Participant: 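This structure is in structure tokens; I'll ask about it shortly.
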Amino acid sequence: MTLDQQIAELREQLNALSRRVIAVTEAAGEQDKPDVVDALSDVTRYLNDAAAILWDDQWYRS
């Protein structure tokens with residue numbers, strides 16, 4: 001598997017994990033768990049940042 005293929009796969013996994021974290025964040029909000037919501041919101045931001053960086057890097061190398 002090439003590096004580009006590995007990066008594409010990793011981006012997909014990061015995006016899927018981000019969606020799962022968002023769902024759990026919403027559930028925590030419904031149960032009035034603000035500390036969990038805050039922590040998971042940070043996780044979502046970092047996952048999205050990582051996916052964006054990998055996306056940008058993939059375009060630069062093409």
Side-chain angles (χ1 to χ4, degrees):
M1 182 181 290
T2 69
L3 179 58
D4 285 343
Q5 290 170 324
Q6 291 175 353
I7 289 172
E9 183 178 316
L10 182 57
R11 279 186 48 251
E12 289 177 22
Q13 292 172 351
L14 289 170
N15 287 329
L17 181 56
S18 180
R19 287 189 297 274
R20 179 70 181 128
V21 171
I22 289 168
V24 174
T25 302
E26 291 171 356
E30 292 171 1
Q31 294 185 18
D32 196 29
K33 304 282 186 177
D35 292 342
V36 174
V37 170
D38 288 344
L40 291 176
S41 293
D42 289 344
V43 169
T44 300
R45 186 177 70 247
Y46 296 134
L47 289 172
N48 289 339
D49 289 349
I53 289 167
L54 291 174
W55 177 260
D56 288 343
D57 182 57
Q58 189 174 30
W59 282 108
Y60 289 134
R61 292 185 300 131
S62 296

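These figures come from a predicted structure and were not determined experimentally.
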Participant: What's the spacing between Arg11 CZ and Asn15 CG if we round to 0.5 Å?
Facilitator: 6.0 Å
Participant: Okay, side chain of Ser18, backbone of Leu14: is any donor-acceptor separation there less than 3.5 Å?
Facilitator: no
Participant: Please tell me whether Leu47 and Val37 are part of a single hydrophobic cluster in this structure, the criterion being side-chain heavy atoms less than 4.5 Å apart.
Facilitator: no
Participant: Flag yes if more than 12 heavy atoms outside Arg20 fall under 6.0 Å of its CZ atom; otherwise flag no.
Facilitator: no
Participant: For the CD1 atom of Ile22 and the OG1 atom of Thr44, what is their distance to the nearest 0.5 Å?
Facilitator: 5.0 Å
Participant: Verify the cluster assignment for Val21 and Tyr46: are they in a single hydrophobic cluster under the rule of side-chain heavy atoms below 4.5 Å apart?
Facilitator: no
Participant: Is it the case that one hydrophobic cluster holds both Leu3 and Leu10, taking links as side-chain heavy atoms less than 4.5 Å apart, direct or via other members?
Facilitator: yes
